[in-house]
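So the structure is just underneath, and the comments pick up after that.
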Amino acid sequence: MKKLLPIAFLLFPWAQTFAYPDQVDNKAVKYMGGNPVSPPMDFNKIGNSFKNGELILAQAGGNLPSSGLSRSDKKDGTDDEEVEEELPAFYDNRKAEIGAWVGASNPFPGSEAQKYLDTTLGGGFFYRIPWPWIFYVEVGASYSNYLSRSERALTTIPVYSAICYKLPFELPITFMVKAGFGETYVVARPANTSRWDNTLYAGFEASFVAGKKLRIGIRLDYNKIYESDLNSPAETKYPYVGPTVDSRLSNPYYYNKVDTEFFHFGLMVSVFL
């Protein structure tokens with residue numbers, strides 16, 4: 001009898017005793033409110049988390065009476081919607097925008113204009129499009145009327161176009177540098193002379209997207225107006241002046257041709273189109 005025990009132990013169907021079925025019994029599924037499961041299922045992958053959607057029984061075609069979840073053939077969302085959810089809130093979708101700014105307009109420190117002109121309030125507008133490649137193209141204009149303690153005054157209306165580059169920093173704040181050129185309409189008083197002068201433009205911007213349509217930030221613009229290559233007025237070529245003409249206009253020594261520099265610091269708001 002003792003010799004037969006090892007043989008019986010080896011011949012006992014241990015595999016069938018500890019095996020689990022490949023599918024849920026139809027009575028059990030029907031009791032839980034589901035439909036019979038026809039294909040075999042891998043119970044090693046069964047989990048109890050809703051992270052990926054529904055439970056394994058709901059995926060098999062059944063319902064969960066306790067939670068109210070049921071299987072649906074419709075997808076939870078398209079790939080585009082999933083991508084939009086993963087993107088941060090400050091993601092720049094590179095749309096065209098139009099905006100305006102208002103702030104302080106100042107003669108550049110150390111320039112010739114700082115000796116005579118005071119700081120004033122300025123403002124402007126701009127239009128920006130995402131082109132070419134990773135850059136932006138911005139066109140804009142501004143207005144500033146500089147006064148002084150004397151009778152001297154200067155009005156500038158720069159019109160520019162610039163290439164903008166967004167710095168690749170993954171931050172809620174967007175930093176952008178700009179460089180371009182244009183022309184400035186200059187009105188000088190008390191002579192009341194006006195003309196268009198070549199202008200160099202540079203700028204820096206720090207902003208963030210508020211909602212889906214607005215961009216709010218600060219910007220710093222720099223303008224260098226070239227006047228050193230201008231010729232003296234025609235009045236300096238004729239020694240005779242009438243009694244109603246200021247004698248200083250015909251004196252070439254009163255004209256000092258220099259390049260003037262200004263910078264603007266202001267608050268900006270733009271709207272995505």
Side-chain angles (χ1 to χ4, degrees), residues 79-111 113-114 117-146 156-185 197-226 259-273:
D79 295 338
D80 297 338
E81 295 176 353
E82 294 178 357
V83 172
E84 292 179 359
E85 293 178 356
E86 296 176 357
L87 294 175
F90 59 89
Y91 176 69
D92 188 358
N93 52 9
R94 290 179 58 84
K95 291 183 179 180
E97 55 185 297
I98 185 172
W101 66 269
V102 61
S105 296
N106 314 270
F108 196 79
S111 64
Q114 190 187 25
L117 302 177
D118 298 331
T119 300
T120 186
L121 180 66
F125 66 92
F126 62 91
Y127 174 70
R128 187 159 54 208
I129 59 174
W131 181 87
W133 194 36
I134 60 174
F135 301 98
Y136 294 80
V137 172
E138 178 177 313
V139 294
S142 62
Y143 175 87
S144 302
N145 185 26
Y146 301 93
T156 60
I157 307 177
V159 179
Y160 69 91
S161 62
I163 291 290
C164 310
Y165 175 67
K166 175 186 174 183
L167 299 181
F169 298 147
E170 294 297 334
L171 296 173
I173 301 177
T174 300
F175 299 98
M176 192 173 295
V177 292
K178 314 171 189 179
F181 60 92
E183 290 192 349
T184 301
Y185 185 72
D197 295 332
N198 296 328
T199 303
L200 177 67
Y201 171 82
F204 176 79
E205 178 183 311
S207 60
F208 63 93
V209 178
K212 296 182 179 180
K213 285 291 185 179
L214 292 179
R215 182 192 295 275
I216 303 174
I218 59 176
R219 57 183 287 153
L220 178 66
D221 298 333
Y222 167 80
N223 295 323
K224 184 174 184 179
I225 304 174
Y226 291 93
D259 298 332
T260 56
E261 301 173 75
F262 302 94
F263 77 95
H264 315 277
F265 180 79
L267 301 176
M268 56 154 287
V269 177
S270 63
V271 179
F272 292 104
L273 301 180

Within the structure provided, determine whether [X] and [Y] are in side-chain contact (heavy-atom separation under 4.5 Å).
X: F126; Y: I98; answer: no
X: V209; Y: P172; answer: no
X: F272; Y: K212; answer: no
X: F262; Y: S144; answer: no
X: M268; Y: R215; answer: yes
X: Y201; Y: S161; answer: no

Check [X] against [Y] and note the closest heavy-atom contact, atom names and distance.
X: F263; Y: P107; answer: CE2-O, 3.8 Å
X: S142; Y: W101; answer: CB-CZ2, 3.6 Å
X: L121; Y: S105; answer: C-OG, 4.4 Å
X: Y136; Y: K166; answer: CE1-CB, 4.4 Å
X: E261; Y: S111; answer: O-OG, 3.8 Å

Checklist entry - After noting the C-alpha distance and the side-chain angles of D259 and I225, does the key distance pass the side-chain contact (heavy atoms from CB on, under 4.5 Å) rule? => result CA-CA 6 Å; D259 298 332; I225 304 174; over 6 Å; no
Checklist entry - Is there a donor in the side chain of T184 and an acceptor in the side chain of D197, or the other way round, less than 3.5 Å apart? => result no
Next on the checklist: Do S270 and E97 pair up side chain to side chain, a donor and an acceptor below 3.5 Å, judged on atom types alone?
Outcome noted: yes
Please enumerate all residues that pass side-chain contact (heavy atoms from CB on, under 4.5 Å) together with [X], with sequence neighbours excluded.
X: L200; result: K224, Y226
X: F265; result: I218, L220
X: F175; result: L167, F169, L171, I173, F204, A206

Next on the checklist: Assess the residue pair N106 and T119 against the criterion (side chain to side chain donor-acceptor pair (under 3.5 Å)); give the C-alpha distance rounded to whole Å, side-chain angles, the decisive distance to 0.1 Å, and a yes or no.
Outcome noted: CA-CA 5 Å; N106 314 270; T119 300; 3.1 Å; yes
Checklist outcome for this item: Partner of Y160 under side-chain hydrogen bond (donor to acceptor under 3.5 Å, both in side chains), picked from K178, E183, E138, is E138
Checklist entry - Does the ring-ring contact (aromatic ring centres under 6.0 Å, His included) test come out yes or no for Y165 and F135, once each step is laid out? => result CA-CA 5 Å; Y165 175 67; F135 301 98; 5.7 Å; yes
